[in-house]
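This report refers to the structure that appears directly beneath it.
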2 protein chains.
Amino acid sequence: MNIGEVSDKSGLPPKTIRYYEDIGLVKPLRGPNGYRSFRESDMHKLAFLGRSRALGFTIEDCRNLLALWDDQDRASADVRAIAREHLEQIESKIADLNSIRATLSHLVRECAGDHRPDCPILKKLGNFSK
Amino acid sequence: MNIGEVSDKSGLPPKTIRYYEDIGLVKPLRGPNGYRSFRESDMHKLAFLGRSRALGFTIEDCRNLLALWDDQDRASADVRAIAREHLEQIESKIADLNSIRATLSHLVRECAGDHRPDCPILKKLGNFSK
DNA sequence: CCTTGACCTTCCAGTAGGTGGAAGCCCTAA
DNA sequence: TTAGGGCTTCCACCTACTGGAAGGTCAAGG
């Protein structure tokens, strides 16, 4: 399989696939013309990477998950540890964003949003009237 | 005021303050020794930037907000437009993260997390059993 | 007067995870 | 044979900083 076909099937842009090869996540073969030649197993890895990245795992997490995926003797606890850690980070980020959203939506509601210069948003950001 | 004092008062690291000067957000004076010399107004700008960044506004948003802040004839509608756009992005990000969190917490609950290799998390990421 | 240490300066490089574009092969079909 | 599309590599750029090296400056203590 050439990179275009793999891109279509995996949903990853060719640039991203080349990048993943650069950083050692996949190791496709090469044809006599220098073209990358992807096996089924490469495809599966790339699809795995696409799904892991879509769940927000970092590249390093993906690398570890992929290694565990390849390891028939892995302990599921190792996988779960990575996922749980990630889940905690997601939850903490959601909390941060919720707090920002509360502040911001309050400010947007307060602001008249008309032609006049008086603006509670700027007041809040400047922390004194101006 | 030297950069250290401004850093203490604004809560921004010196590196960040220098960076903000590099990209033209603040323009402190210079003393005869080459040291940056910050006025009160620079301090206020930096504090403004700190709060805006803490609310997740991009640097470009901050630049625009700062310009509006400086403009006595601004229309509050312009400020609100920026804030509202940002709020929408925050909300969309929260929605994404909530969906990820749901998937992830489901998978973590499903996974036994013991010494055995069988793992629903990897199954899901690989999208076929292995 | 000299040293020490804290502070300041600039400049270069690196972070995450790609993306855009240029220059140049390769392959197929008309 | 020529046109097009796909493939290759390489280099630069993105956000918003951060780390570190090499070196100038300043105030205090001996």
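Below, read A as the first sequence line, B as the second, and so on, with proteins coming before strands; counting in each chain starts at 1. Here the structure is a predicted model, which is why all the values come from computation and not from measurement.
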Q: Kindly indicate, with the supporting measurements, whether the criterion side-chain contact (heavy atoms from CB on, under 4.5 Å) is fulfilled by B:Lys45 and B:Leu66.
A: CA-CA 8 Å; B:Lys45 274 193 186 183; B:Leu66 214 42; 4.1 Å; yes
Q | Verdict with reasoning, A:Leu125 to B:Leu55, per side-chain contact (heavy atoms from CB on, under 4.5 Å) | A | CA-CA 9 Å; A:Leu125 290 173; B:Leu55 284 178; 4.0 Å; yes
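Applying the side chain to side chain donor-acceptor pair (under 3.5 Å) definition to pairs two or more places apart or across chains, those involving residues 5-18 of chain A are A:Glu5-A:Lys9. Pairs of residues two or more places apart, or lying in two chains, that qualify as side chain to side chain donor-acceptor pair (under 3.5 Å) and include a residue from residues 109-120 of chain A are A:Asp114-A:Arg116, A:Asp114-B:Ser76, A:Asp118-A:Lys123. Within the structure, no pair that satisfies the side chain to side chain donor-acceptor pair (under 3.5 Å) test touches residues 77-101 of chain B, not counting sequence neighbours. For residues 53-66 of chain A, every residue pair satisfying the salt bridge (Lys or Arg N to Asp or Glu O under 4.0 Å) rule, not counting sequence neighbours, is listed here: A:Glu60-A:Arg63. Within the structure, no pair that satisfies the ring pair (Phe, Tyr, Trp, His ring centres under 6.0 Å) test touches residues 8-27 of chain B, not counting sequence neighbours. Every pair passing salt bridge (Lys or Arg N to Asp or Glu O under 4.0 Å) that includes a residue from residues 29-41 of chain B is listed here, sequence neighbours excluded: B:Glu21-B:Arg30, B:Glu21-B:Arg36, B:Arg39-B:Asp42.
End-to-end axis angle for the helix from C:dC1-D:dG30 to C:dA30-D:dT1, using five pairs per end and rounding to 10°, comes out at 30°.
A:Phe48 meets the ring pair (Phe, Tyr, Trp, His ring centres under 6.0 Å) test with A:Trp69; sequence neighbours excluded. In this structure, the side chain to side chain contact (heavy atoms under 4.5 Å, CB included) partners of A:Asp71, at least two apart in sequence or on a different chain, are A:Asp73, A:Arg74.
Put simply, B:Tyr20 has a side-chain N or O that comes within less than 4.0 Å of OP1 or OP2 on D:dC17.
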Q: Report, as a single string ordered 5' to 3', how protein heavy atoms within less than 4.0 Å touch nucleotides 4-14 of chain D: B base, S sugar-phosphate only, - not at all.
A: --BSBBB----
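Applying a 4.0 Å cut-off to non-hydrogen atoms, none of the residues of residues 58-68 of chain B approaches DNA chain C.
Interatomic distance, OG of A:Ser52 versus CG of A:Asn64, reported as 11.0 Å (0.5 Å rounding).
The footprint of chain A on DNA chain C, defined by a heavy-atom cutoff below 4.0 Å, extends from C:dG17 to C:dC27.
A single hydrophobic cluster is not seen to contain both B:Tyr35 and B:Met1; linkage of ILVMFWY side chains at heavy-atom distances under 4.5 Å, directly or through other members, places them apart.
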